[in-house]
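What follows is a set of notes on a single structure, which appears directly below.
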Amino acid sequence: MTLRLLDTLSGEQRPFTPLDPTNVRVYSCGPTVYGPAHVGNFRSFLFSDLLVRYLRYRGYPVTWVMNVTDVDDKIIRGARAEGSTIAAVAERWTARFLDDATTLRMTTPDVMPRATAHVPEMADLIGTLLERGHAYRTDDGSIFFRIASWPAYGRLAHIDPAEMRVGERVESDEYAKDDVRDFALWKGPKDDEPAWETAIGRGRPGWHIECSAMSMRYLGASFDVHTGGVDLVFPHHEDEMAQSEAATGLPFVATWLHCAHLQMGGEKMAKSAGNIARVGDLVESGVSPRALRYSLLAAHYRMALSFSEDSLQAAASAVERLDAVWAALGAYRSDGPDDATLPALLAEARSGFEAGLDDDLNASPALASVFELVREVNRRIAARSLSTADAVRVREVLTDLDRVLALLPDEEALESDLVAMVAARAAARAARDWAESDRLRSALLERGVAVEDTRDGQRWRRVEVARG
RNA sequence: GGCGACGUACCCAAGUGGCCUAAGGGGGAGGUCUGCAAAACCUCUAUUCUCGGGUUCGAAUCCCGACGUCGCCUCCA
């Protein structure tokens with residue numbers, strides 16, 4: 001089977017066919033760096049990560065672009081509040097974003113363009129829209145996109161512009177415009193706001209134009225996949241699509257993918273609602289980063305997902321189950337013959353994994369397939385029906401699937417004093433000195449090493465040290 | 001007011017016409033193994049898929065209605 005994706009624009013699930021098989025181009029709406037992103041934001045980023053990882057697993061070369069919005073109202077307000085500059089604010093929170101992303105094992109995008117470094121490209125694009133009659137200026141130097149000039153407006157979000165609730169929440173814009181539904185491409189200069197001198201005049205870019213300019217700069221006028229959270233469908237992506245296609249006359253994006261919200265306490269996780277959790281705080285409080293990754297990744301991306309203490313705890317246990325079988329395979333030694341049915345078992349696990357992800361990146365059945373493999377492998381380890389080479393084979397398959405999941409433990413050697421403690425415990429056990437052996441076992445556990453006895457001797461694995 | 005999604009066990013969550021007397025993870029109860037543990041394995045934990053009608057030989061899956069929850073229409077991942 002091949003990868004099938006559900007495209008927001010057409011509403012259809014279609015086989016993925018790259019525009020250019022030698023370079024699949026993916027653009028993801030990244031963070032606005034006015035503060036630390038919350039785990040709801042990261043659900044969306046990790047869903048893009050899953051897409052990119054799976055495309056690469058499937059053998060496609062991928063160029064992944066994720067923008068950083070480093071100028072907007074909130075950043076300007078933040079800078080003003082602390083008497084600093086938008087550059088300082090943006091730099092601080094960009095660094096934090098990258099730290100959190102690394103913590104969650106997010107693939108580093110190939111390009112992470114910053115809006116402020118691409119103002120000329122945005123001005124060019126706006127210039128084209130002006131020339132083509134899709135944009136107009138207002139007295140304060142702002143430039144708006146004229147929705148009336150673009151009949152296709154509303155196609156992505158499946159809304160009729162005429163039905164928009166004009167007047168209730170849409171207006172109240174500080175900038176005068178011909179039609180309240182028109183959106184800002186360029187905001188005229190204000191005394192207390194940063195502004196750029198460009199071919200279209202002085203001012204600062206609107207939000208939507210950033211993504212159009214930067215995606216096209218790095219991926220071309222048409223590219224394969226554009227991702228983001230569902231809340232970006234309208235107006236952000238609708239506006240992006242309108243202005244991009246109005247400027248180029250070409251289809252902007254082949255497949256639009258939108259990730260459902262993360263919920264906490266029965267509602268969308270959002271800063272404004274106050275129900276947010278942050279990567280840094282969670283990790284600080286002892287949550288395993290891999291458990292956090294698992295909890296954000298384990299459900300289908302288009303389904304609302306509940307985030308809670310319980311879901312995190314369940315994720316931690318699931319990841320530990322992976323750790324346990326990984327350690328058991330690493331410690332496994334048997335001179336017996338190869339297990340003749342193992343290749344079929346491994347092939348079945350892999351095909352279940354791929355079938356799940358091929359179906360619009362459905363992680364649930366993919367993970368189910370992995371855990372079914374884990375159970376069967378545990379059985380065979382207990383029955384000692386695998387050879388040493390078989391254990392390596394299982395590890396190789398898990399490693400390969402982990403290119404997509406990124407959940408397996410890091411391979412790190414034990415510190416020398418811990419190695420000594422493990423050896424001392426083996427000696428104590430050999431001497432049947434249970435008191436000393438138990439003492440060392442708990443001492444090791446306090447240092448984050450779980451020791452388990454098997455008929456081949458003891459094996460160890462890293463565990464999260466309980467804190468707080 | 002408009003548009004849309006969802007409602008599956010104690011919790012999270014797949015499945016969307018027959019392989020479902022419903023994956024997987026977590027939790028709980030028993031058991032096996034073990035010096036004791038831990039891990040692991042085994043058994044049990046939804047004859048049922050919010051409710052009421054209907055279509056069909058057959059529905060958790062399709063249709064209609066009710067109830068409930070959430071989202072978008074405004075900055076938002």
Side-chain angles (χ1 to χ4, degrees), chain A residues 11 28-32 34 37-48 72-74 154 157-166 168-173 207 227-236 238 258-263 266-273 294-295 298-300 302-325 327-328 352 356 359 362-372 374-383 429 432-435 437-438 441-442 445 450-455 458-459 461 463:
Chain A
S28 301
C29 278
T32 298
Y34 67 98
H38 57 70
V39 293
N41 301 129
F42 273 103
R43 182 193 188 188
S44 154
F45 303 140
L46 288 183
F47 135 71
S48 305
D72 92 316
D73 294 354
K74 288 174 186 166
H158 303 108
I159 57 165
D160 178 351
E163 297 289 316
M164 281 167 65
R165 275 192 126 180
V166 174
E168 285 197 31
R169 294 145 107 185
V170 178
E171 57 93 43
S172 84
D173 205 296
W207 178 36
T227 72
V230 272
D231 47 4
L232 297 189
V233 174
F234 193 88
H236 184 52
E238 187 71 56
H258 292 99
C259 170
H261 287 138
L262 187 66
Q263 301 206 332
E267 284 190 322
K268 165 185 174 180
M269 183 180 285
K271 198 177 178 186
S272 55
Y294 183 99
S295 71
H300 185 94
R302 274 191 291 104
M303 290 299 160
L305 175 64
S306 309
F307 184 82
S308 65
E309 292 277 324
D310 282 356
S311 74
L312 219 37
Q313 186 51 54
S317 298
V319 169
E320 267 188 58
R321 186 163 162 74
L322 253 23
D323 287 0
V325 75
D359 184 15
N362 195 345
S364 277
L367 283 165
S369 182
V370 170
F371 282 106
E372 276 163 15
V374 167
R375 191 193 327 114
E376 189 53 37
V377 164
N378 275 325
R379 256 183 220 148
R380 295 181 189 205
I381 288 172
R429 274 178 56 76
R432 306 183 68 80
D433 181 351
W434 308 130
S437 130
D438 290 353
R441 182 168 60 198
S442 26
L445 191 58
V451 181
E452 292 159 358
D453 299 314
T454 73
R455 61 185 267 187
Q458 52 180 11
R459 67 178 179 229
R461 64 191 164 90
V463 293

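Letters go in sequence order (proteins before strands), and every chain restarts at 1.
Asp72(A) places its CG atom 14 Å from the C1' atom of A77(B), with the value rounded to the nearest Å. Here the C1' atom of nucleotide G25(B) and the CD atom of Glu372(A) are 12 Å apart, to the nearest Å. In this structure, CG of Asp310(A) is placed 14 Å from C1' of A13(B), rounded to the nearest angstrom. Spacing between atom CG of Asp73(A) and atom C1' of C75(B) amounts to 8 Å, rounded to whole angstrom units. Distance Phe47(A) CZ to A77(B) P: 15 Å, rounded to the nearest Å. As rounded to whole Å, 17 Å separates atom P of C75(B) from atom CG of Asn41(A). Taking atom CG of residue Leu305(A) and atom P of nucleotide G7(B), one finds them 14 Å apart after rounding to whole Å. As rounded to whole Å, 14 Å separates atom C1' of A14(B) from atom CZ of Phe371(A).
A5(B) and C19(B) are spaced 29 Å apart, taking the C1' atom of each and rounding to whole Å. A distance of about 27 Å separates the P atoms of A66(B) and U48(B), rounded to the whole Å. Nucleotides G25(B) and G53(B) are separated by 36 Å at their P atoms, to the nearest Å. Between the C1' atoms of C6(B) and C51(B), the separation comes to 16 Å (whole Å). Using C1' as the reference atom, U55(B) and C63(B) are 7 Å apart when rounded to the nearest Å. Spacing between G30(B) and G52(B) at atom P, rounded to whole Å, works out to 36 Å. Of the C1' atoms belonging to A39(B) and U34(B), the separation is 11 Å, rounded to the nearest Å. Spacing of C1' atoms, G17(B) relative to G58(B), comes out at 8 Å, to the nearest Å.
Contact annotation for Ala298(A): no contact, since no heavy-atom pair falls under 4.0 Å across all strands. Nucleic acid contact class of Gly356(A) (heavy atoms, under 4.0 Å, all strands): none. Gly40(A) comes within contact range of at least one nucleobase, with a heavy-atom separation under 4.0 Å. Backbone-only engagement by Ser317(A) is indicated by non-hydrogen atom pairs under 4.0 Å involving sugar-phosphate atoms exclusively. Using a 4.0 Å heavy-atom cutoff across all strands shown, Lys74(A) reaches at least one base atom of the nucleic acid.
Looking at heavy atoms from C-beta onward, Tyr34(A) lies in side-chain contact with Lys271(A) at the 4.5 angstrom threshold. Using a 4.5 Å cut-off on side-chain heavy atoms (C-beta onward), Asp359(A) and His300(A) make no contact. Residues Phe42(A) and Leu262(A) form no side-chain contact, since every pair of their non-hydrogen atoms from C-beta on lies 4.5 Å or further apart. Ser28(A) has its side chain out of reach of Phe47(A): every pair of non-hydrogen atoms, C-beta onward, lies at least 4.5 Å apart. The closest side-chain heavy-atom distance from Gln263(A) to Arg43(A) is not below 4.5 Å.
Taking a pair as Watson-Crick or G-U wobble with both distances under 3.5 Å, the runs of three or more consecutive pairs in RNA chain B are B:1-7 with B:67-73, B:10-12 with B:24-26, B:27-32 with B:40-45, B:50-54 with B:62-66.
An OP1 or OP2 oxygen of A13(B) is reached within less than 4.0 angstrom by a side-chain nitrogen or oxygen of Ser306(A). An OP1 or OP2 oxygen of C72(B) is reached within less than 4.0 angstrom by a side-chain nitrogen or oxygen of Lys268(A).
Comparing Phe234(A) and His158(A) against RNA chain B, the residue whose closest nucleotide sits nearer the 5' end is His158(A).
For the side chain to side chain donor-acceptor pair (under 3.5 Å) with Glu452(A), the lone residue among Arg441(A), Arg461(A), Gln458(A) that qualifies is Arg461(A).
Nearest heavy-atom pair, Gly228(A) versus Leu232(A), reported as atom, atom and distance to 0.1 Å: CA-CD1, 4.3 Å.
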| message | As a quick check of understanding, evaluate side-chain contact (heavy atoms from CB on, under 4.5 Å) for Lys74(A) and Thr32(A), giving each step before the final call. | response | CA-CA 9 Å; Lys74(A) 288 174 186 166; Thr32(A) 298; 5.6 Å; no
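Relative to the side chain of Met303(A), the nucleotides C6(B), C73(B), G27(B) differ in distance, and C6(B) lies closest. Looking at the side chain of Arg43(A), the nearest of the listed nucleotides A23(B), C75(B), A77(B) is A77(B). Distances were taken from every side-chain heavy atom of His300(A) (C-beta onward) to each of A14(B), G24(B), G71(B); the shortest belongs to A14(B).
Atom CG of Asn378(A) is separated from atom CZ of Arg375(A) by 9.5 Å, given to the nearest 0.5 angstrom.
With salt bridges taken as basic N to acidic carboxylate O contacts below 4.0 Å, one links Arg379(A) and Glu376(A).
For Ser44(A) (side chain) and Gly40(A) (main-chain N/O), no donor-acceptor pair under 3.5 Å exists by modelled atom type.
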| said: Walk along nucleotides 32-40 of chain B from 5' to 3' and tag each nucleotide B, S or - by protein heavy-atom contact under 4.0 Å, base first, then sugar-phosphate. | reply: ---BBBBSS
